[in-house]
Number of protein chains: 2
Amino acid sequence: MNISILGTGIVAQVFAKALLAKGHQVQLGTRDAKASLARTEKGMSGETLSSFLQANPLVKLGSFQESAAFGEIIVNATNGAGSIAALELAQEKNLNDKILIDIANPLDFSKGMPPTLFIVNDNSLGEEIQKRFPKLKVVKTLNTMSCEVMVDPARVRGDHTAFVSGNDASAKAQVTNYLVIWFGWKPTNIIDVGNISTARGTEQLLPLWIRLFGAFQHANFNFHIAK
Amino acid sequence: MNISILGTGIVAQVFAKALLAKGHQVQLGTRDAKASLARTEKGMSGETLSSFLQANPLVKLGSFQESAAFGEIIVNATNGAGSIAALELAQEKNLNDKILIDIANPLDFSKGMPPTLFIVNDNSLGEEIQKRFPKLKVVKTLNTMSCEVMVDPARVRGDHTAFVSGNDASAKAQVTNYLVIWFGWKPTNIIDVGNISTARGTEQLLPLWIRLFGAFQHANFNFHIAK
């Protein structure tokens, strides 16, 4: 399957490697591929984008619109502050009525640590994306855990939860299925919370996630809904 | 132990019964005891305050200040919108440097369902209470689940989490101990998230809790941190 991953940071890289390992074709999307490749500062993954691509030569890199045109399905792994701009650069004709797996969060680092949310309470990033691109089938999921846990739930002991929010029931069912076959999520650990407005609920888990990360000093944990 | 419970709603009633069953003396606090007793509409508990008190004659009722003066420890079970006003009526001389177990949430029902939060993101109700009453040892906990689960964690299968936030380490340790001996919480399921500003994290779980309650149609569930 051809999969577009918008973004080139650690989340995009971890996703790309996991999808490649499952035999998919992956193209990362960025604003300016040349500029991204020229960057010499190492990201949170500990390497530059160019060293990542050298180590993973099957991962393609293109502009946002090239990546979006390439993908049968699109993953939003940009940072939340840049998500709408990235999707606008991807262009509606390339997004069309595809499924967008939105794993981004509206984190605002501008006021120091820990970050706050720049959309919160009576709105969410998931909803903003859906409003701006009404044809796109936005499915918000996996945004409540570290990227390593997203693609390898076995890193966390016992049962833990992936939440799914979106307006299109069949898109949600398809994404749920992808979580199972791509990453080994247990179907009983995937909860359909409701329409895209329920992304308000999952995006607001981030403030606690960040504080727990601070308390634990590692990211191998996740929320679980016990019942 | 003499315990003050500020509030007379279902949360206060459930807490009062659970503490009585453990042999404690409990006094509910309200703005106007006569007016509260005269109310004929049934609350979420399915009964009026006066029928609750008839059925549980050991539960005392008093003004906010009487209840606060009575309690060696105080539980804030008012609705969040009324918490600061209730504590002001309780008066600082009665609150003093006691422990306040703050189980309230800043839910705003004025814009319809599901509620939003009237303090959120860069502040929390727990912090506002602590700022207004600097001597009080505010420990935010149990606000992330139904009141029945607060006092009877066995209603939810498997491990699940009670978060604790507060500035005073010994007050947090004491409250953690109360959760264990009063309600049977497993010590390993109680997480100290940090100072009172971490209440931002736990109060922001409510938007998801409310949506899950809608999806499940019951409240016998809770967040758990798997790791």
Side-chain angles (χ1 to χ4, degrees), chain A residues 106-108 110-112 114-124 144-146 149 153-161 163-165 189 191-195 197-227, chain B residues 106-108 110-112 114-124 144-146 149 153-161 163-165 189 191-195 197-227:
Chain A
L107 295 176
D108 178 0
S110 71
K111 291 161 199 139
T116 52
L117 301 172
F118 64 83
I119 305 178
V120 68
N121 204 21
D122 59 359
N123 198 2
S124 62
T144 55
M145 65 197 80
S146 84
V149 174
R155 293 174 78 101
V156 175
R157 253 170 290 167
D159 287 315
H160 53 101
T161 303
F163 303 98
V164 178
S165 304
N189 282 338
I191 296 181
D192 181 349
V193 196
N195 68 28
S197 79
T198 62
R200 295 176 199 182
T202 63
E203 292 177 6
Q204 283 184 90
L205 296 194
L206 266 287
L208 182 58
W209 188 93
I210 289 159
R211 286 165 175 86
L212 292 172
F213 176 62
F216 300 157
Q217 296 287 310
H218 70 80
N220 285 331
F221 67 91
N222 192 16
F223 293 98
H224 177 58
I225 301 301
K227 54 176 184 163
Chain B
L107 296 175
D108 178 1
S110 71
K111 290 160 200 141
T116 52
L117 301 173
F118 64 82
I119 304 178
V120 68
N121 204 22
D122 59 358
N123 197 2
S124 62
T144 54
M145 63 196 80
S146 82
V149 174
R155 293 174 78 101
V156 175
R157 252 170 292 169
D159 287 315
H160 53 100
T161 303
F163 303 99
V164 178
S165 303
N189 282 338
I191 297 181
D192 181 348
V193 196
N195 68 28
S197 79
T198 62
R200 296 177 199 181
T202 63
E203 291 177 6
Q204 283 185 88
L205 296 194
L206 267 286
L208 182 59
W209 188 93
I210 289 159
R211 286 165 175 86
L212 292 172
F213 176 62
F216 299 159
Q217 296 286 309
H218 70 80
N220 284 331
F221 67 91
N222 192 16
F223 293 97
H224 177 59
I225 301 301
K227 54 177 182 162

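Residue numbers start from 1 in every chain, and the chains themselves are labelled A, B, ... in the order their sequence lines are given, proteins ahead of strands.
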Chemist: Counting only heavy atoms closer than 4.5 Å, note whether A:Ile191 contacts chain B via side chain, backbone, both or neither.
Modeler: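 For A:Ile191, side-chain heavy atoms alone lie under 4.5 Å from chain B.
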Chemist: Just verifying a value: how many Å separate B:Leu212 CG and A:Lys227 NZ, rounded to the nearest 0.5 Å?
Modeler: 8.5 Å
Chemist: Ignoring hydrogens, what is the shortest heavy-atom contact between B:Val193 and A:Ala215? Give both atom names and the distance.
Modeler: O-CB, 4.4 Å
Chemist: If we define contacts as heavy-atom pairs under 4.5 Å, which of B:Asn121, B:Thr116, B:Ile225, B:Leu205 has the most with chain A?
Modeler: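 It is B:Asn121.
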Chemist: Which residues pass the ring-ring contact (aromatic ring centres under 6.0 Å, His included) test with B:His224, sequence neighbours left out?
Modeler: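 For B:His224 there are no ring-ring contact (aromatic ring centres under 6.0 Å, His included) partners, ignoring immediate neighbours.
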Chemist: Who among A:Asp192, A:Asn222, A:Val120 has the most heavy-atom pairs with chain B under 4.5 Å?
Modeler: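 Going by pairs under 4.5 Å, I would pick A:Asn222.
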Chemist: Does some side-chain heavy atom of B:Phe223 sit less than 4.5 Å from a side-chain heavy atom of A:Leu208?
Modeler: no
Chemist: I need the minimum non-hydrogen distance between B:Arg157 and A:Ala226, along with the two atoms involved.
Modeler: O-CB, 3.8 Å
Chemist: Side chain, backbone, both or neither: which part of A:Asp108 has an atom under 4.5 Å from a heavy atom of chain B?
Modeler: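 No part of A:Asp108 comes within 4.5 Å of chain B.
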Chemist: List for me each residue that meets side chain to side chain contact (heavy atoms under 4.5 Å, CB included) alongside B:Phe213, sequence neighbours excluded, and say none if there are none.
Modeler: B:Trp209, B:Ala219, B:Phe221
Chemist: Between B:Gly214, B:Pro207, B:Gly201, which has the largest tally of heavy atom pairs under 4.5 Å with chain A?
Modeler: B:Gly201
Chemist: Quick check on A:Asp122 against chain B: is it the side chain, the backbone, both or neither that has a heavy atom closer than 4.5 Å?
Modeler: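 The answer is both parts of A:Asp122.
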Chemist: For each of A:Val149, A:Val156, A:Asp159, tally heavy-atom pairs with chain B at distances under 4.5 Å, and name the one with the top tally.
Modeler: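 Heavy-atom pair counts peak at A:Val156.
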Chemist: Determine the minimum heavy-atom distance between B:Leu117 and A:Gln204, stating which atoms define it.
Modeler: CD1-OE1, 3.9 Å
